[in-house]
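Since the model is a prediction, treat every value here as computed from it, not as a measurement. Residue numbers begin at 1 in each chain, while the letters A, B, ... track the order of the sequences.
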Protein chains: 2
Amino acid sequence: MKPLFHPRVEDLDLSTILHACADPTRLRLLVDINTEPGKTCGTFETELSKSTLSAHFKVLRESGLVRQELGPGNSRLNWPRTAEVQSRFPDVISAILKSVTRSHS
Amino acid sequence: MKPLFHPRVEDLDLSTILHACADPTRLRLLVDINTEPGKTCGTFETELSKSTLSAHFKVLRESGLVRQELGPGNSRLNWPRTAEVQSRFPDVISAILKSVTRSHS
DNA sequence: TCGCGTATTCGTCAATTCACGAACACTTGG
DNA sequence: CCAAGTGTTCGTGAATTGACGAATACGCGA
């Protein structure tokens, strides 16, 4: 099987990361992954089709915001790479996540 | 003449703001505006055409990141609305701006 | 090995984005 | 009033995005 691509920390690009966060669906996914690390793709609440959701996860993964690891039964476990991203761009992701959870409550 | 539209603070939308920041050109403009408040549109270093640049300023303005004010000779003075944006989404913009200036030096 | 569950890939499609030049609008100095 | 300077608007075109269903790939339990 094909290994999933993940950018190295030194290759992270701020514009790419912001673009990944700029979509409401992806921002929601990112918050959920950070709230409940290790969730599989099928466990997210959404109205979107599987293929659309898969594409969004791909954007998050290739931007470096999320690490996807193979789980049981061909599932993907989604882990936040927030700490790694913060090492390159301090406070950016944490501030975004806080703003979302804050305005949502 | 037509007054330029500016969103109210309570109408700011995080996804819209992140989208505005996600373009490298606009991010650069935003940094420049914050570094040197009051610059006119024509004083930014760029290879882009006037119409393209004008469109980018419009995105920044309509997202709420920048206030454009009429200056002498039909020019536009560009002011950051960073403080206002921060009141809705604390630390988001400041963290982004710091990351850009930091990685650029 | 067969079938089920999970997720990706592919092809398509409508909508949006980003770029440009030409034309227009507005202010100001001569 | 005219010309120069500054930006916006409009029409165009190429590229990207975001959505979907159908088909495919993979792991695992029976």
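Interface remark: the N74(B) side chain does not form any donor-acceptor pair with the dT27(C) base, using a distance-only criterion of under 3.5 Å.
Looking at heavy-atom distances under 4.0 Å, R61(A) makes no contact with the nucleic acid at all. Within 4.0 Å (heavy atoms only), L48(B) reaches sugar-phosphate atoms of the nucleic acid but no base atom.
The phosphate of dG7(D) has neither OP1 nor OP2 within less than 4.0 Å of any side-chain N or O from S54(B). An OP1 or OP2 oxygen of dT8(C) is reached within less than 4.0 angstrom by no side-chain nitrogen or oxygen of S51(A). Remark: H56(B) is not in phosphate contact with dT17(C), judged by side-chain N or O atoms under 4.0 Å from OP1 or OP2. Side-chain N/O atoms of S49(B) include one lying less than 4.0 angstrom from OP1 or OP2 on dC20(C). R26(B) has a side-chain polar atom (N or O) that falls below the 4.0 Å cut-off from OP1 or OP2 of dC18(C).
Residues D91(B) and D91(A) have side chains not in contact (no heavy-atom distance under 4.5 Å, counting atoms from C-beta outward). Proximity of R81(A) to P7(A): side-chain heavy atoms (C-beta onward) are separated by under 4.5 Å at one or more points. Counting only heavy atoms from C-beta outward, the side chains of F89(A) and I93(A) never approach each other to under 4.5 Å.
The distance from atom CG of L29(A) to atom P of dG18(D) is 12 Å, rounded to the nearest whole Å. Summarising the geometry, the separation between NE2 on H19(B) and C1' on dG18(D) is reported as 13 Å, rounded to the nearest angstrom.
Heavy-atom contacts from other residues, nucleotides or ligands closer than 6.0 Å to CD of E47(B) number 12 or fewer.
Contacts between residues 36-46 of chain B and DNA chain D, defined by a heavy-atom separation below 4.0 Å, involve T40(B), C41(B), G42(B), listed by number.
Taking the nucleotide of DNA chain C with the nearest heavy atom to each of G73(A) and K58(A), the more 5' of the two is matched to G73(A).
Paired with Q68(A) under the rule side-chain hydrogen bond (donor to acceptor under 3.5 Å, both in side chains), one option of H6(A), K58(A), R61(A) passes, and it is R61(A).
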